[in-house]
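Counting starts at 1 for both ligands and their atoms, in listed order. The first residue in the sequence is number 1, and the count goes up from there.
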Amino acid sequence: MDALQIGEAQVTRVVEFAGEVGLSTEAFFPGSDPHLWQQASDWLVPDFVGPDGQVRTAVQTWLVRSEGKVVLIDTGLGNDKDRPYVPVWSRYHSDYLAQLAAAGVTPEQVDVVVNTHLHLDHVGWNTRLAGRDWVPTFPNATYLVHRADYEFWDPQGPHTPGFGRGNQNVFEDSVAPVAAAGQLHIWDGEQHRIDGTLTLRLAAGHTPGSAVVDLRSRGEAALFAGDLLHSPLQIAHPDVTSCFCEDPARAAESRLRLLADAADRGALVLPAHFHHRGAARITRTGGDFTVSGWAAHSPQQPMR
Ligand SMILES: [Zn+2]
């Protein structure tokens with residue numbers, strides 16, 4: 001597995017799923033202009049969109065080694081999880097832990113888990129099945145979740161998420177057991193410092209507590225964008241929003257802020273779901289953003 005070096009931090013990509021999930025560009029990005037996708041097809045097909053217009057996506061963890069600690073940014077789908085409204089990922093099985101081992105990390109060695117938000121494809125490996133119980137996969141880790149997401153997705157709470165059915169069972173099997181084990185750290189406000197290199201920043205919209213991870217080390221920078229970006233088309237057209245966003249207008253504002261920040265600071269952008277090529281360099285001309293290059297790192301996993 002190739003690793004990216006960003007200052008003194010090392011970043012490795014662990015891919016759990018790569019392929020199509022049965023959504024066309026129109027279904028995935030409702031209301032987006034079909035001409036935008038056609039015009040961009042020369043660089044989006046086949047890495048990000050299939051020849052038949054199906055979105056291609058990855059589900060992955062960014063493994064970061066920072067200041068002697070092992071940090072996981074998002075934990076994918078998990079094994080054995082019942083997702084009645086998302087058949088493509090229900091009772092899913094992958095060799096995720098073997099991939100982590102291949103990257104040199106055992107579950108016991110993980111110090112920090114960041115959930116950029118609490119959707120099913122970002123918290124799955126928070127827990128694993130032990131007999132009849134869901135237990136934390138990483139027994140020594142502190143798990144970081146923003147309070148706005150924790151409260152929004154708590155089924156005992158007052159909220160009715162737009163994506164509620166898609167996230168059926170997720171809080172119960174992937175979040176509550178971590179809290180019960182005393183390993184959940186709920187953070188508040190605009191930012192949370194993980195260490196001298198990594199800072200979580202609230203970037204609400206996709207979900208109320210969505211966050212990005214800002215990495216700064218020795219003059220180099222990276223932004224782990226979570227689900228602010230699902231397709232590189234959104235870099236050129238930040239107003240294009242996914243069907244999974246709870247507040248699309250606010251998500252677009254957060255996306256624009258991220259793109260401007262990345263371009264102005266020369267930060268590498270590492271979204272949660274870019275298929276094939278995981279990380280983009282972004283430049284701006286006035287208010288227009290373009291991908292100026294892709295980071296060279298772990299090769300694409302075979303499509304399933
Ligand atoms: Zn996602």
Side-chain angles (χ1 to χ4, degrees), residues 13-23 25 27-30 48-49 54-63 72-78 81 83 85-90 92 94 96 113-127 143-146 148-150 152-153 161-171 173-175 200 202-213 223-235 238 240-248 250-252 254-255 258 269-280 301 304:
R13 183 189 192 192
V14 178
V15 180
E16 188 185 21
F17 172 92
E20 296 172 0
V21 292
L23 291 173
T25 53
F28 205 116
F29 302 95
F48 307 104
V49 180
Q54 295 284 304
V55 173
R56 291 183 169 173
T57 195
V59 178
Q60 61 204 353
T61 289
W62 294 108
L63 158 62
L72 304 183
I73 301 176
D74 289 326
T75 63
L77 300 163
K81 298 206 156 161
R83 304 290 179 244
Y85 299 102
V86 189
V88 65
W89 290 333
S90 194
Y92 192 71
S94 75
Y96 181 88
V113 172
V114 171
N115 294 135
T116 61
H117 59 292
L118 297 183
H119 275 164
L120 74 157
D121 51 326
H122 296 260
V123 301
W125 277 103
N126 277 10
T127 57
Y143 291 64
L144 299 173
V145 172
H146 194 276
D149 247 43
Y150 185 83
F152 186 70
W153 294 105
F163 186 58
R165 286 184 142 197
N167 235 32
Q168 185 87 27
N169 299 338
V170 171
F171 192 92
D173 65 33
S174 300
V175 181
L200 271 160
L202 181 63
H206 180 63
T207 65
S210 278
V212 302
V213 181
L223 286 162
F224 297 88
D227 281 9
L228 284 189
L229 293 161
H230 286 90
S231 167
L233 184 85
Q234 295 172 286
I235 293 169
V240 171
T241 299
S242 88
C243 63
F244 304 111
C245 291
E246 294 289 334
D247 184 340
R250 205 167 168 207
S254 290
R255 182 159 43 253
L258 170 98
V269 174
L270 301 96
H273 293 302
F274 277 14
H275 183 254
H276 183 52
R277 299 170 179 274
Q301 306 296 307
R304 301 185 195 193

Side chain to side chain contact (heavy atoms under 4.5 Å, CB included) evaluation trace for Asn115 with Thr75: CA-CA 7 Å; Asn115 294 135; Thr75 63; 4.0 Å; yes
So, His119 and the Zn ion (ligand 1): N/O/S under 2.8 Å, yes or no? no
Can you name the N/O/S atom of His122 that is nearest the Zn ion (ligand 1)? NE2
Decide side chain to side chain contact (heavy atoms under 4.5 Å, CB included) for Val55 and Phe48; before the verdict, give the C-alpha distance in whole Å, the side-chain angles of both, and the deciding distance to 0.1 Å. CA-CA 6 Å; Val55 173; Phe48 307 104; over 6 Å; no
Out of His273, His230, His206, which residue meets the ring pair (Phe, Tyr, Trp, His ring centres under 6.0 Å) rule with His119? His206
Below 30° counts as parallel, above 60° as perpendicular, anything between as tilted: where do the rings of Trp125 and Tyr96 land? parallel
The atom of Asp227 among N, O or S that is nearest the Zn ion (ligand 1) is OD2
Counting backbone and side chain alike, does Asp121 bring an N/O/S atom below 2.8 Å of the Zn ion (ligand 1)? yes
